Number of protein chains: 2
Amino acid sequence: MTGATEKIKIKGTKSISIKEIAKICGVSTATVSRVLNDNGRFSDETKNKVLRTVEKLGYKTNNIAKSLRTKKTRSIGIIVPDITNEYFANIILAIQNFFFPQGYSVLVYNTNEDQGKEDLYLKDLEAKCVDGLIYFFCMEDRGQIDAIRKKIPVVFVDRNPNRKGAVVVESDNYTGGFLATEELIKSGCRNIVILRHILTNSTIVGRYKGYRDALNKYGIPFNPDLVLDMYVNANASKEAICRLIECGIAFDGIFACTDWLAVGALMALRKHNIKVPQQVKVVGFDNVSISEYSSPSITTINQDKTRLGEIAAQMLLDMIDGKSIDEKNIILPVELIKRETT
Amino acid sequence: MTGATEKIKIKGTKSISIKEIAKICGVSTATVSRVLNDNGRFSDETKNKVLRTVEKLGYKTNNIAKSLRTKKTRSIGIIVPDITNEYFANIILAIQNFFFPQGYSVLVYNTNEDQGKEDLYLKDLEAKCVDGLIYFFCMEDRGQIDAIRKKIPVVFVDRNPNRKGAVVVESDNYTGGFLATEELIKSGCRNIVILRHILTNSTIVGRYKGYRDALNKYGIPFNPDLVLDMYVNANASKEAICRLIECGIAFDGIFACTDWLAVGALMALRKHNIKVPQQVKVVGFDNVSISEYSSPSITTINQDKTRLGEIAAQMLLDMIDGKSIDEKNIILPVELIKRETT
DNA sequence: CTGAAAGCGCTAACAC
DNA sequence: GTGTTAGCGCTTTCAG
């Protein structure tokens with residue numbers, strides 16, 4: 001640590017504009033603009049001249065000015081609940097990797113599932129004039145969603161807002177829930193707990209439906225005591241399972257709607273010296289790293305995060321480019337990954 | 001899936017400008033601009049009139065145009081190695097939470113430690129005219145760093161580029177490495193493996209130095225066979241430790257420069273039926289979730305990600321605002337978190 | 001193939 | 001207190 005107080009200042013890099021290079025090349029700004037954007041209507045000679053001086057002077061186009069004219073900012077927004085969650089981070093990464101080579105950059109907004117923030121972010125995105133939005137929708141319908149959709153292209157990922165005409169990319173949560181539950185049943189479980197996120201959204205609804213239908217199919221009675229709602233957080237699920245055990249409610253399987261919820265369950269089981277998978281079996285959801293590296297490793301439902309992101313990105317780009325899009329609701333398949341907890 | 005092909009189109013929300021509302025209010029655009037920016041020199045009467053019609057017509061200022069005039073975009077860039085890594089994600093989150101209330105939005109660029117990408121991102125950031133940059137510096141010096149610093153304010157986080165005059169916020173990696181190693185020594189270890197990231201940067205250098213100095217202080221000879229370099233990845237460290245065991249090289253402690261590296265080590269140890277912490281003890285670094293929820297839970301060195309992000313953000317904002325800043329190199333304290341692996 | 005000129009929406013002197 | 005005016009740097013008709 002130095003106690004010195006220093007004034008940081010940035011050199012006024014008086015950046016040169018199209019005008020200067022036009023003057024130097026002895027052509028008009030219009031011509032320079034044309035060669036820069038490869039819009040035709042210029043000779044090879046002028047092209048070379050322009051390009052060479054652009055290179056020499058290190059000219060960089062001012063995208064602000066360009067945006068003002070073209071009404072395109074070449075940036076998109078992402079509104080996401082929790083960037084800290086590996087599942088979301090993977091999708092964001094795929095989106096960024098897709099868009100950057102297309103010349104788009106990505107504004108990231110983290111809601112932490114807070115609707116107030118979500119509102120503010122939507123406003124900000126509009127003010128910043130993004131060309132499109134990828135939306136991990138979280139808020140309840142208050143008309144905002146349709147409002148923003150009227151103004152800019154938006155594609156919903158992961159969570160389905162169930163609005164007519166909305167473009168959405170999601171995993172097959174229903175089948176995921178079904179497969180997870182079926183795996184437990186086939187391994188011999190008859191009293192299957194389900195650990196859910198307390199915030200109801202389409203992913204939870206789908207997984208729960210799959211759970212119920214699997215129970216049904218195999219003739220296992222549904223027990224409402226085994227439905228546990230909580231905020232997604234390993235400690236919350238640990239406590240919930242501990243409570244269940246302490247109340248003496250019997251169960252032999254757990255379907256956790258999230259891998260982290262499964263981790264918490266495992267902690268509770270370990271604390272009570274309950275053997276996994278011998279006494280209780282566990283299935284998670286997402287297939288994030290923790291499920292692979294936890295001990296025991298967790299049987300889970302894989303979601304294809306990369307494709308989720310890529311497809312959403314591709315659809316958004318198509319919308320921005322005014323292309324027609326074939327499907328408005330893409331549902332990606334999921335897959336059971338069998339590991340040590342079942 | 002519907003086979004229908006639908007043309008998505010966005011309604012041309014012919015947005016109104018300052019001009020319209022000036023006309024309606026019977027004042028000039030300058031006046032409107034003044035009340036909108038609260039720049040004084042207008043009467044309460046006109047203020048009310050303007051504000052009311054702004055409200056009524058739902059006028060929104062066009063930030064592109066504004067930026068073109070003011071040369072401020074109110075956006076900052078973040079260049080980060082891996083958004084998927086909870087450690088980095090936490091810092092990004094803190095930065096976003098700090099900046100949004102200040103009216104800034106955040107462009108995120110993921111390098112995946114790829115220098116080629118880093119170069120491109122730097123160019124893009126410049127073209128997008130961001131007001132500042134927070135930089136998890138990864139590339140080796142090729143002059144680019146100093147070049148960008150001349151153009152926009154940048155603060156380096158996590159990794160110290162060791163350039164004179166650079167503003168950097170980092171954890172006390174040296175002390176972290178020392179504490180981790182000391183913890184192992186005090187628990188009785190004498191043959192301590194260190195698991196390092198193969199990409200040398202200031203964090204690794206610092207932690208390694210701490211390791212060596214702790215060894216020295218306690219009179220334990222350094223054994224180069226116990227220094228293992230790899231890409232940060234649980235599988236890589238698992239394999240490295242397995243190899244060590246299979247080669248018959250004895251060790252009783254492991255200092256992993258990252259929690260995920262520690263996780264891999266634990267897997268290798270489990271595979272070979274080596275008891276932790278009885279036969280081998282392990283210390284990680286970062287204190288990300290996995291260290292808390294792994295089984296056994298991992299003793300680790302905590303880095304204060306939130307403060308790392310907040311301080312970096314505050315310093316960048318100060319630089320943007322042209323304020324003088326007191327310290328150019330903030331080093332945040334770290335802390336040993338004792339858990340089950342030691 | 002090229003240039004002149006208008007203007008995107010806003011801010012900031014400067015004059016009154 | 002308020003209006004006039006001149007651009008910011010670029011694209012894009014329209015004429016030639």
Side-chain angles (χ1 to χ4, degrees), chain A residues 12-51 53-54 57-75 103 126-131 151, chain B residues 12-54 57-75 103 126-131 151-152:
Chain A
T13 320
K14 175 72 178 142
S15 58
I16 65 167
S17 78
I18 216 176
K19 220 186 222 165
E20 273 87 81
I21 84 141
K23 188 175 289 178
I24 292 172
C25 294
V27 298
S28 72
T29 59
T31 302
V32 176
S33 173
R34 284 193 200 104
V35 345
L36 254 24
N37 295 297
D38 204 17
N39 271 339
R41 288 169 299 164
F42 48 80
S43 66
D44 272 6
E45 193 190 357
T46 45
K47 174 180 171 177
N48 289 331
K49 199 161 40 174
V50 168
L51 257 26
T53 57
V54 159
L57 303 205
Y59 162 84
K60 300 236 170 54
T61 114
N62 178 328
N63 283 285
I64 306 296
K66 188 170 186 163
S67 292
L68 184 58
R69 279 297 319 222
T70 59
K71 306 277 171 236
K72 298 244 155 257
T73 54
R74 295 225 145 220
S75 64
E126 207 187 321
K128 283 268 161 46
C129 307
V130 295
D131 294 342
K151 293 178 190 152
Chain B
T13 320
K14 176 71 176 140
S15 56
I16 65 168
S17 78
I18 216 177
K19 221 185 222 167
E20 274 87 81
I21 85 143
K23 187 175 290 178
I24 292 172
C25 295
V27 297
S28 73
T29 60
T31 303
V32 176
S33 174
R34 283 191 203 106
V35 345
L36 255 23
N37 294 297
D38 203 16
N39 271 340
R41 287 170 299 164
F42 49 79
S43 67
D44 272 6
E45 193 191 357
T46 46
K47 174 180 171 179
N48 289 331
K49 198 162 40 175
V50 167
L51 256 26
R52 220 156 335 116
T53 57
V54 159
L57 303 204
Y59 163 85
K60 299 236 172 53
T61 113
N62 179 328
N63 284 285
I64 306 297
K66 188 169 185 162
S67 291
L68 184 57
R69 277 298 320 222
T70 59
K71 306 276 170 234
K72 298 245 156 258
T73 54
R74 297 227 143 217
S75 64
E126 207 186 321
K128 284 268 160 48
C129 307
V130 295
D131 294 341
K151 293 179 191 153
I152 56 172

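Owing to the predicted nature of the structure, the values given are computational and were not obtained by experimental measurement. In the text below, chain A, chain B and the rest are named by the order of the sequence lines, each starting its count at 1. Every heavy atom of this structure was used, including side-chain atoms; hydrogens, water molecules and symmetry mates were not.
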Proximal nucleotide (of dC8(C), dT2(D), dT11(D)) relative to the Phe42(B) side chain = dT2(D)

Given dT11(C), dG9(D), dT2(C), which nucleotide is nearest the side-chain atoms of Ser17(A)?
-> dG9(D)

Return each pair, listed once, that meets salt bridge (Lys or Arg N to Asp or Glu O under 4.0 Å) where at least one residue sits in residues 27-36 of chain A; pairs must be two or more places apart or across chains.
-> none

DNA chain C: Arg41(B) or Ala30(A), which has the more 5' nearest nucleotide?
-> Ala30(A)

CZ of Arg34(A) versus P of dA4(C): gap in Å, rounded?
-> 11 Å

What does Thr61(A) touch in the nucleic acid at a heavy-atom separation under 4.0 angstrom: a base, only the sugar-phosphate, or nothing?
-> sugar-phosphate

May I have the distance from Lys49(B) (atom NZ) to dG1(D) (atom C1'), rounded to whole angstrom?
-> 12 Å

Using a 4.0 Å heavy-atom cut-off across all strands, classify Asn37(A) as base, sugar-phosphate, or nothing.
-> sugar-phosphate

Taking atom P of dG9(D) as reference, at what distance in whole Å does atom CG of Asn63(A) sit?
-> 13 Å

Report the nucleotide, chosen from dC8(C), dA13(C), dT2(D), that has the shortest atom-to-atom distance to any side-chain atom of Lys71(A).
-> dC8(C)

Just wondering, more than 12 heavy atoms not from Lys47(A) lying within 6.0 Å of its NZ?
-> no

Side chain of Ser43(A) (C-beta onward), nearest among dT2(D), dC1(C), dC10(C) | dC1(C)

Separation between CG of Asn63(B) and OG1 of Thr73(A), rounded to the nearest 0.5 Å | 11.0 Å

Winner on side-chain proximity to Ala65(A), out of dT11(D), dG3(C), dG9(D), is dG9(D)

With no hydrogens and no angle check, is any side-chain donor or acceptor of Ser33(B) less than 3.5 Å from a backbone partner on Thr29(B)?
-> no

Closest of dG9(C), dT12(D), dG3(C) to the Ser28(A) side chain is dG3(C)

Which nucleotide in the set dG9(D), dA4(C), dG3(D) lies at the smallest distance from any side-chain heavy atom of Asn62(A)?
-> dG9(D)

Of the listed nucleotides dG3(D), dC1(C), dA5(C), the one nearest the side chain of Thr31(B) = dG3(D)

Picking from dT11(D), dT13(D), dG9(C), the nucleotide nearest the side-chain atoms of Leu68(B) would be dG9(C)

Judged by atom type as modelled, is there a donor-acceptor pair below 3.5 Å linking the side chain of Asp131(A) to the main-chain atoms of Lys72(A)?
-> no

Separation of Lys19(B) atom NZ from dT11(C) atom P, in whole Å?
-> 14 Å

Divergence of helical axes at both termini of the helix from dC1(C)-dG16(D) to dC16(C)-dG1(D) - five pairs an end, 10° steps | 40°

Ignoring hydrogens and angles, does a donor from either the side chain of Arg69(A) or the base of dG9(C) sit under 3.5 Å from an acceptor on the other?
-> no

Shortest non-hydrogen contact from Leu36(A) toward Tyr59(A) | CD2-CE2, 3.6 Å

Taking atom C1' of dG9(C) as reference, at what distance in whole Å does atom CD1 of Ile21(B) sit?
-> 12 Å

Closest non-hydrogen atoms of Leu68(B) and Asn62(A), given as atom of the first, atom of the second and distance, are CD1-ND2, 4.4 Å

